[in-house]
Amino acid sequence: MSSATYSTTAGADLQHDLVRAGFYPQMVQDVLAEAMLDLPVVDHFLHLETHFDHTEVHRHITVMVRSEKVLFIVHVDDQQLDDHGHDVMAQVSVEMISLARIESVATSYVYHQPQHYSSGDLVRELTFGMSWDGTKRIDLAPAECADPQCEADHGLNGTSQPEDLVLRVSSEADGQRAVDKAREFAVRLRLATIS
């Protein structure tokens, strides 16, 4: 596997952040290198998330890597296949999006104590979203009629919604540095999509 993808300073920074996150860094680097076809890294943001579901711990990472004209999104989930965590599986998905296809880059900010706001106050939470009209999620349910005695098949009703990308980063869960990095990445990505 060629290392040209990581040959820039931005590529070295990405490698450092992947190792620091500690979530299968070599696997993510190899998948990215294969997907990027030797394109150099220009910019990146990664978001590691852990959540608890009763007795299970689920982790996943989303890595956004921008080259000059393309954004790559890698998402990795891991799952325990046994009760002791000895048998683990990782599922990796990669999407490549031309920067010209990105329709919107949206950010939503949360400031604490806004009545005391002054320029330079820290954003405590940021929701970052991107839309490129990629994947769509379709939710279907059996159609019903008002007659409780009716046994006819009325087909299906449903909705179709874009399922692009939304990440939430908070200073309490992820640290202030992660919020600042997400905000800066969103600004740079926005600029890259309009140029």
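A salt bridge links Glu125 with Arg168: the closest approach of a Lys/Arg side-chain nitrogen to an acidic carboxylate oxygen falls below 4.0 angstrom.
Interatomic distance, His47 NE2 to Asp174 CG, rounded to the nearest 0.5 Å: 4.0 Å. The line from CG of Leu18 to CE of Met27 is 10.5 Å long, rounded to the nearest 0.5 Å. Rounded to the nearest 0.5 angstrom, Glu184 CD and Leu126 CG are separated by 11.0 Å. Put simply, CD1 on Ile102 and CD1 on Ile194 are 12.0 Å apart, with the number rounded to the nearest 0.5 Å. The OG1 atom of Thr9 lies 13.5 Å from the NE2 atom of His16; values are rounded to the nearest 0.5 Å. Rounding to the nearest 0.5 angstrom, the gap separating the CG atom in Leu46 from the CZ atom in Phe185 is 10.0 Å.
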### Task
List the steps, then state whether side-chain hydrogen bond (donor to acceptor under 3.5 Å, both in side chains) holds for Gln91 with Gln79.
CA-CA 8 Å; Gln91 181 175 346; Gln79 179 181 1; over 6 Å; no

### Query
Would Tyr24 and Asp78 satisfy side-chain hydrogen bond (donor to acceptor under 3.5 Å, both in side chains), going step by step from the backbone distance to the final call?
CA-CA 10 Å; Tyr24 312 118; Asp78 71 352; 2.9 Å; yes

#### Entry: Lys181/Asp17 under salt bridge (Lys or Arg N to Asp or Glu O under 4.0 Å): CA gap, chis, key distance, verdict
CA-CA 12 Å; Lys181 286 180 96 170; Asp17 286 352; 2.9 Å; yes

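Using modelled atom types, no side-chain atom of Arg124 and backbone atom of Val110 make a donor-acceptor pair closer than 3.5 Å. No donor-acceptor distance shorter than 3.5 angstrom exists from the side chain of Asp77 to the backbone of His60, with no hydrogens or angles considered.
Smallest separation of non-hydrogen atoms from Val179 and Ser170: CG2-C, 3.5 Å.
Applying the side chain to side chain contact (heavy atoms under 4.5 Å, CB included) test to Asp147 and every residue at least two apart in sequence or in another chain returns Cys145, Gln149, Cys150.
Between Val166 and Met130, every side-chain heavy-atom pair lies at or beyond the 4.5 Å cut-off.
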